[in-house]
Protein chains: 2
Amino acid sequence: MNVTTWRLPFDPIAKAAETWRQRIGPNWAMSAVTNIMRVQQILQASVDEALRPHGLTFARYEALVLLSFSQRGSLPMRMMGERLQLHPTSITNIVDRLEADGLVRRLRHPSDRRTTLVEITEAGKGRLGPATDAVMNADFGLVGLSEADADALGALLTNVRRAAGDFD
Amino acid sequence: MNVTTWRLPFDPIAKAAETWRQRIGPNWAMSAVTNIMRVQQILQASVDEALRPHGLTFARYEALVLLSFSQRGSLPMRMMGERLQLHPTSITNIVDRLEADGLVRRLRHPSDRRTTLVEITEAGKGRLGPATDAVMNADFGLVGLSEADADALGALLTNVRRAAGDFD
DNA sequence: GTCCAATAGTCGGATATCATAATAATCACG
DNA sequence: CGTGATTATTATGATATCCGACTATTGGAC
C-alpha cells in the first residue's frame with residue numbers, strides 16, 4: 001500500500017483542526033504544522049519515486065547537484081552539511097552511498113588533514129542529467145499550485161526559516 | 001550539535017535557486033520543494049523538543065489527540081492510519097510505544113476479530129494536557145508568520161494535498 | 001613552544017518511516 | 001455453504017535522520 005495514494009472523502013487535517021477548535025480553542029499554528037508535515041511527505045515520496053530508476057534519493061540528488069554547482073566540483077563535507085542543512089552524520093551516510101555507487105570520491109584536503117573533500121566523478125556528472133530530467137518531469141506533486149502560488153508559498157516558508165534562525 | 005541552530009550569513013535555498021536558474025533554468029518548483037523540506041525539519045525538531053519532557057514525539061502526540069477526540073476514546077488501528085495518513089506499520093510502531101508507556105491499550109473489536117481497537121487510558125488523558133500546553137507554548141517555530149500568513153500558507157498547502165489526491 | 005579549546009569526520013545507538021510479505025479473519029458470490 | 005478476494009494487523013528489512021561520544025588535527029593564548 002502506498003501511503004500517498006490514499007484518498008479520503010474529506011480533508012483529515014481540516015477535520016482535526018475543526019475538532020481542535022471546538023474542544024481546545026483556535027489553533028492556526030497546529031493546522032499549519034500538520035499541513036506542512038503532510039505536504040513534505042507527499043513531495044518526498046513523489047521526488048524519490050521519480051529518482052528511484054536513477055538509483056538516487058532526493059537527499060543524494062541534492063548532494064550531487066551541490067557538488068556539480070561548485071567551482072572545482074568538490075567541497076568539504078562540513079560545507080555540504082551547512083548548505084544542505086543536514087547533520088554531519090547524515091552527510092557521512094549520503095557520501096558513503098554515493099561513493100559506493102562511484103558517483104563521488106573522497107579526497108584529502110591539501111592543507112588541512114582533518115578535512116575530507118568530496119568530488120563528483122564523471123559517472124556522477126553523467127547521472128545528473130537524466131536524474132534532473134526525471135525530477136523536473138515529476139512536477140514535484142505541486143500540480144495544485146500556479147507559479148505565483150509557489151512563489152507566495154516560498155516567501156512564507158522563507159519567513160519561517162529566517163525567524164527560526166536558519167540564516168541572517 | 002543541533003542542526004536547527006545553524007545560522008548562515010545567507011539563505012542556502014535562495015542561493016541554490018539562483019545557481020540553478022543560471023545553470024539549468026527557472027525552477028520555481030524545486031525551490032518550493034526544498035523550502036518545504038527544510039521548514040518541515042525545523043517544525044519537527046521544534047515540536048519534538050517541546051514534547052520530549054513529556055515522553056512523547058509529535059507522531060505519538062497526534063495519535064493520542066486523535067484518540068481523545070474520538071467518541072468512545074478508541075479507534076481501529078486502520079482508521080488511525082487513515083486519519084494520521086501514516087502507513088499501517090507506522091501505526092503499529094506508534095501504538096507499541098504508547099502502549100509500553102501505558103498511555104493507550106489494545107482491545108479486541110467486539111465483532112470483527114481482525115480489528116484491534118486502540119483506547120486511550122487515564123494515564124494517556126492525563127499526559128495530554130501538559131503536552132498540549134507544551135506544544136502550544138512552543139509556537140511551532142512559526143514565529144515568522146502572522147495568523148493571516150499561516151492561513152494563506154495552509155490554503156496553499158491544502159491545494160497541494162488535494163491535487164496530490166489526499167482527499168476529495 | 002605547550003597545551004587546551006575548537007573543528008572535521010566517523011561510529012554506535014535510537015527513532016521514524018516506508019515497502020513487501022506473512023498471518024488471520026471476514027465477506028461476497030455462485 | 002465453500003472458496004477466493006479483500007481487509008486488518010504484524011514481522012522483517014531497508015533508508016534516513018538525529019544525538020552523543022570518540023579520534024585526529026588545528027590553531028590560538030600564554
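Just so it is clear, the values below take in all heavy atoms, side chains as well, and ignore hydrogens, waters and symmetry mates. Chain naming here is simple, since letters A, B, ... match the order of the sequence lines and numbering starts at 1 in each.
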List the atom of Leu66(A), the atom of Leu84(A), and the distance in Å for their closest heavy-atom pair.
CD2-CG, 3.9 Å

Is there a donor and acceptor pair, one atom on the side chain of Arg114(B) and one on the base of dT9(D), closer than 3.5 Å?
no

In whole angstrom, give the distance that lies between atom CG of Leu51(B) and atom P of dA16(C).
11 Å

Heavy-atom check, side chain of Leu117(A) versus side chain of Glu119(A), under 4.5 Å
no

Using 4.0 Å as the upper bound for N to carboxylate O, is an ion pair formed by Lys125(B) and Glu122(B)?
yes

Less than 4.0 angstrom between a side-chain N/O of Thr57(B) and OP1 or OP2 of dT15(C), yes or no?
no

dA16(C) phosphate, OP1 or OP2, under 4.0 Å from Arg97(B) side-chain N/O
yes

Looking only at side-chain N and O atoms, does Arg106(A) come under 4.0 Å of OP1 or OP2 in dT10(C)?
yes

Would you please confirm or rule out a distance under 4.0 Å between OP1 or OP2 of dC18(D) and any side-chain N or O of Gln41(B)?
yes

From CD1 of Ile42(B) over to P of dC18(D), roughly how many Å is that when rounded to an integer?
12 Å

What is the separation between atom CD on Gln40(A) and atom P on dA16(C), rounded to the nearest whole Å?
15 Å

Side-chain donor or acceptor of Arg78(A) paired with backbone N/O of Thr115(A) under 3.5 Å:
no

Touch check for Arg52(B), heavy atoms < 4.0 angstrom, all strands: base, sugar-phosphate only, or nothing?
nothing

Looking at every strand, decide which applies to Thr92(A) at a 4.0 Å heavy-atom threshold: base, sugar-phosphate, or nothing.
base

Does Ser74(A) use its side chain to pair, donor to acceptor, with the backbone of Val118(A) at less than 3.5 Å?
no

Residue closer to the 5' end of DNA chain D, Asp112(A) versus Ile94(A) (nearest nucleotide)
Ile94(A)

Can you check the Leu75(A) CG to dG9(C) P distance for me, whole Å?
11 Å

List the steps, then state whether side chain to side chain contact (heavy atoms under 4.5 Å, CB included) holds for Leu43(A) with Phe58(A).
CA-CA 10 Å; Leu43(A) 296 182; Phe58(A) 185 56; over 6 Å; no

Are OP1 or OP2 of dA19(C) and a side-chain N or O of His87(B) less than 4.0 angstrom apart?
yes

Per the atom types in the model, does the base of dT25(D) pair as donor or acceptor with the side chain of Arg113(A) at under 3.5 Å?
no

Contact under 4.0 Å: Arg78(A) side-chain N or O vs dA8(C) OP1/OP2
yes

Distance check needed: dT10(D) P versus Arg108(B) CZ, whole Å only.
13 Å

To the nearest angstrom, the CG-C1' distance between Asn93(B) and dT15(D) comes to 15 Å

Result for 5'-nearest mapping on DNA chain D, choosing between Thr89(A) and Pro76(B), is Pro76(B)

When the distance from CG of Leu117(A) to C1' of dG9(C) is rounded to whole Å, what number comes out?
12 Å

On DNA chain C, does the nearest nucleotide to Ser90(B) precede the nearest nucleotide to Met77(A) from the 5' side, or the other way round? Give the residue.
Met77(A)

With respect to the phosphate group of dT15(C), does any side-chain polar atom (N or O) of Arg60(B) fall under 4.0 Å of OP1 or OP2?
no

From CG of Asp48(A) across to C1' of dA19(C) the rounded distance in Å is 13 Å

